[in-house]
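Please read the structure below before turning to the comments.
Within every chain, numbering begins at 1; the chains are lettered A, B, ... in the order of the sequence lines, protein sequences first and strands thereafter. Bear in mind the structure is a predicted one, so any value in this text is a computation, not a measurement.
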Amino acid sequence: MLSFLFKRRAFQGGVHPEDRKQATSHLPIQTLPLPERLYVPVQQHIGAAAQPRVQTGQKVLKGEMIATGSGPVSAAVHAPTSGTVVAVEPHPAPHPSGLPVQTIVIEPDGDDRWVDEPEPEHALNLEPEVIAQRVAEAGVVGMGGATFPAAIKLNLGSRHTIDTLVINGSECEPYLTCDDRLMRERTQEVIDGVRIMRHALGARHTLIVLEDNKPEALAALQEHLYEMDHLEAISVPTRYPMGSEKHMIKAVTGREIPAGKLGADIGVIVHNVGTAYAVHRAVRMRRPLVSRIVTVGGGAVQRPANLQVPLGTRVEELLAYCGGTRETPARLLMGGPMMGQIMPHAQVPVVKGTNGVIALTAAEINIDDPMPCIRCGRCVAACPCGLMPLEMASRIRSEDMDGAAAYGLMDCVACGSCSYVCPSHIPLVQYFQHAKGVLADRREQQRRQEELKELAQQRRARQEAEAKAKAEAAARKKAEREAKKRAQQAKAKEKPAPAKDNEKAEA
Amino acid sequence: MYAAIVVLTAMGLLLGYSLGMAAKYLKVEKDPLVDEIEDMLPGTNCGQCGLPGCSSAAQALAAHEAPVTLCPPGGKALAQQLADKLSVSVDLSGMEEEAPAFARIKEDQCNGCTRCYKVCATDAIMGANRQIHTVFTEACNGCGKCVEVCPTNGLVLVPETPTLRTWRWSKPEAR
Amino acid sequence: MTEFMLLLLGTALVNNVVLVQFLGLCPFMGVSNKLDTALSMGLATTFVLTLASVAGWLLEYFVLAPLDLGFLRILSFILVIAAVVQFTELVIRKTSAALHRVLGIFLPLITTNCAVLGVALLNIQEGHGFLQSVTFGFGAALGFTLVMVIFAGLRERLAVNNVPAAFAGAPIAFIVAGLLSLGFMGFAGLDFA
Amino acid sequence: MTTTTPVSGPHTHAPGGVTTQMGWVILALLPATAFGVYLFGWPALNLLLITVLAAIAFEVISLRIAKRPVTPFLMDGSALLTGLLLALTLPPWAPWWIAVLGAGFAIVVGKHVFGGLGQNLFNPAMLARVALLVSFPLEMTTWVTPQPMFAEGSPGFIEGLAITFGLAAIPDAMTGATVLGETQTGFSRDLGLSETLPGVYDPMQQALGFIPASMGEGSALLLLAGGLVLMARRIISWEIPVAMLGTLAGLATIFMLIDPERFAGPGLHLISGGAMLAAFFIATDPVTSPSTMRGRLIFGAGCGLLIYVIRTWGGYPEGIAFAIILMNGLAPLIDHYLRPRTYGRTRGGKPLEPKASAPAAPVTEKRP
């Protein structure tokens, strides 16, 4: 009975939101029919936007690269189906602001024809660098929602010693079941992707980690992993935010990533199961990332589903396929309800990081008007990062951003546990996002000021140099003139006549 | 009576002497504050504070003769830094964070007089005599000096257009 | 030993200079905006108070009393305190420029801090011996530092709280000081017999 | 389905809110309150109603003056709770103006001057109690022996009104002193505990509440039960009550072993006076207590220590209100210095040293 006293906690804090996965966890993945238009943004990842390399009117095949990655942190974009490029223009991005982003609009021709049929490769014979290169060419990013280009994280094995590769199948957000279904239906492909990644990283141990609310997926994995060395699937207690990289590492290895470092610095790398599947497609099958699995759910959706969706499909098409909405959703989200982003409207496309499209009713949201903080400390107890959200928020409210930073604002992972438990319904996460934005602006402004200072100094130096040169020139001229004058005077003493000519010449 | 006079005089002399000695041994160099403050200021000598340049602004600040909010290009961030440096408390909530703005030349109105080019503290305007000038937004600090000198009103300050990269979450309404 | 401990506790809590005797209110109000500053001010005052108690006692029993110059007490005490404060200021300026800037005008103000003069005079009035004087001065300073720090903590909280405009700043600080003083009344009559 | 200003996640929320929490606390107090009213009869009921209504009235007036919405802030129940707590700590037959003054002080000076709900630094009810005790020591220490409602000899409705409104004096025969008061009086007459306690202290009676006490402080057992319910429902944290009662009991035990004639034992300390009420309902006030676990433990221990010190050596027989106010004053400091350890950092806030992981033998799978 007292066992709860002795149970080692996976990580401090955390919350237990109702998981609400029952609506879709039993539904197999369905393929969404091709829509009439696909809106493929060039920026679907963290880092620099990709550069479009197709023109309006150009025909493209499925899997053809339509935008190339630019810079060290970027990812290529491929045509999700065969068809014609009808425009390359700004369209609303899947982002709370709804601001436009450069988008390649494709009209499918209905054939869905692949670019070519490459030979499947013996992926485990490839050098790690080649694997990373293949993954980069396929435009694979972190599929759990973070969308960090996956190739960069697969290359870390060359510079760091990686002892543990953790495959994150926790899917700790409520409603979402796309990873669950993926692991259950495409178990072998996922495991193959995991093995390719392990090979690329040279990791000694590999763990596929699931929360204990997905017993079927765990069983499926364990069946296929039977007798595989150093590769096992384990379950961890269901607790949000288990899926956060920092907390997953803490939960399965007991280690913590030091502040300001990466998982690779302590020898652990975390990849999502969806990424493993995409890596399998990219390296084994030589197919780029052109579609993904999306959970359509939430109380406002008529028939929730797990769908395989071509990237660039607008959210409204998904909702329509699921029978539309029962009622006007109070909030339309991309991603889960804890860390997902609110969408301004349904005319935004599904991108590489879209793991769910959730239409919530007001009752599911259950957020009232905020009341003043009563300092109950629940946010402190819930914070998985060991911060004091109430102190940070009160400082941000009185515009003391540095004070908030001193309380550890930059260590916040914005998981939302604090807002979730706050009895006063204070939007703590938004306070933190706001403050992080203000601080980022300040850093940006500071950087600009430094640059401008440099420019101003250069200008002053130049002006001074110019003035000096001028002064010197003037002095020289003057000296010359004097010299001439003296010479003339000397001459004039001898021969006073030609003085007039000289004066003219000088003028 | 005499005792009192003697005692007080002796005390005064003794204490005065020992303090004098202490001051000699515990001497400190000049306050490096002015230089430190000057380093914090933008250094563009734009003159928006109403003082001749950043170094005179730094002197005024160090002497507590100017408010820490004097520098518009530095914005709220600089004001806060200065307040901390000078350990004065200041209410910055009224100070609006101005959206960064850039000068833009209306090309049809530019007559190529080069006046803007000459006043720009950061060489953000390029162009030669009798040619239409252009502004490098990267180097522009939005001080607006060029706008003032333009004879044809051909320069305007335009605010930065928000993009996904510059978009920020707003502060929640508190009750 | 016990006697000195009790004297220390009694001076620090039961007869707290600030909240019970209402001495030294000007630094208490003036330098309690920030915790660090308050702590520094408390330490500086501790130094001065202890030193002033010692100097006052020596002055009284070696100069004023033998020469029968009791009427010069206040005058000469202020002289000595001023010198001690000046000395402290020199030391602080040498050791920590930042602290010197922060304490600013309040450092010379310790001179006129009634707590310092008050404690020195109380020592004589109560007829304390030398060690008792030191303990008394130190205890009073300890109490001063304690309430400075508590009060600064409360004011840091107030700074981020949503205090109505009419009360924000000094008014609420005075109210809080009053309420805290109410709490210290609980120590009244504390007697460890 | 468009929202004009984007709102950040999370987009779902745990059930419950401030109102629910306050509601539970009030509910947990009800048994002890009802018992107190029964025990001390009509005057107690009058006093309870006056205090609570006055607290609500002052809340409404303050909200109006501050131009804040009245309904949501009144509905959170905090004013009701403050009034209730204050009433429970007053002598049950105190006159009406004590109640009104106390409620006014608590709500206006204790709470709204600071900016209302969540902004106060001290527990309003305890502030009011201290202010009343210091200003009106006679009225605040006139205790009566239990006069159960409808019992023979106890005042009826009309007599109750007369007592509350000061029209009739409390008969001397009905007044008594609290156990803590009796022991202190005993010490002043050089009487040891073995001489004072018999006759005034019976552990069973004391725990049940059949003693001269304030309206709600008497019944230690009912208060304990209510507190345990709150703990089980996670409305209050376990740290403060445990640390506070633990410290109090620990100190009492140690000193009792040193000199049982001079120092009362842990039992008396725990079940007499307001120890239970304070431990479960007053010290746990979230606004004025620290927000971290370690902070709460220290806060609770500090309360226990101060209560024991003031009760044992102080000038007042009961030190709970003072102890709570003093610890309230320390709470910001505790929160400032005792922060939880941040993930990836040491307690001091420095980044952790990266642990050198064991050099791994790379697993290379090569299969044709």
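- In this structure, chain B has heavy atoms under 4.5 Å from both the backbone and the side chain of Leu90(C).
- Contacts of Leu13(B) classified as side-chain contact (heavy atoms from CB on, under 4.5 Å), with partners at least two apart in sequence or in another chain: Thr9(B).
- Pairing each heavy atom of Leu61(B) with each of Pro67(B), the nearest pair is CD2-O, 3.5 Å.
- Scanning residues 56-67 of chain C against chain B with a 4.5 Å heavy-atom cutoff picks out Leu59(C), Val63(C), Leu67(C), ordered by number.
- The contact between Leu69(C) and chain B is made entirely by side chain atoms (from C-beta outward), counting heavy-atom distances below 4.5 Å.
- Contacts of Lys34(C) classified as salt bridge (charged side-chain N to carboxylate O under 4.0 Å, His left out), with partners at least two apart in sequence or in another chain: none.
- A side-chain donor-acceptor contact under 3.5 Å links Ser181(C) to the backbone of Leu19(C).
- For the pair Pro171(C) and Ala168(C), the tightest heavy-atom approach, listed with the atom from each and the gap, is CD-O, 3.3 Å.
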Could you go through residues 40-52 of chain C and list every donor-acceptor pair under 3.5 Å that involves a side-chain atom there, pairing it with any protein atom two or more places apart or in another chain?
{"from": "Ser40(C)", "atom 1": "OG", "to": "Asp36(C)", "atom 2": "O", "distance (Å)": "2.8"}
{"from": "Thr45(C)", "atom 1": "OG1", "to": "Met41(C)", "atom 2": "O", "distance (Å)": "2.7"}
{"from": "Thr46(C)", "atom 1": "OG1", "to": "Gly42(C)", "atom 2": "O", "distance (Å)": "2.6"}
{"from": "Thr46(C)", "atom 1": "OG1", "to": "Thr145(C)", "atom 2": "OG1", "distance (Å)": "3.1"}
{"from": "Thr50(C)", "atom 1": "OG1", "to": "Thr46(C)", "atom 2": "O", "distance (Å)": "2.6"}

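- With a threshold of 4.5 angstrom between heavy atoms, Val84(C) does not approach chain B through any atom at all.
- Ser133(C) contributes no side-chain N or O that, together with a main-chain N or O of Asn123(C), makes up a donor-acceptor pair within less than 3.5 Å.
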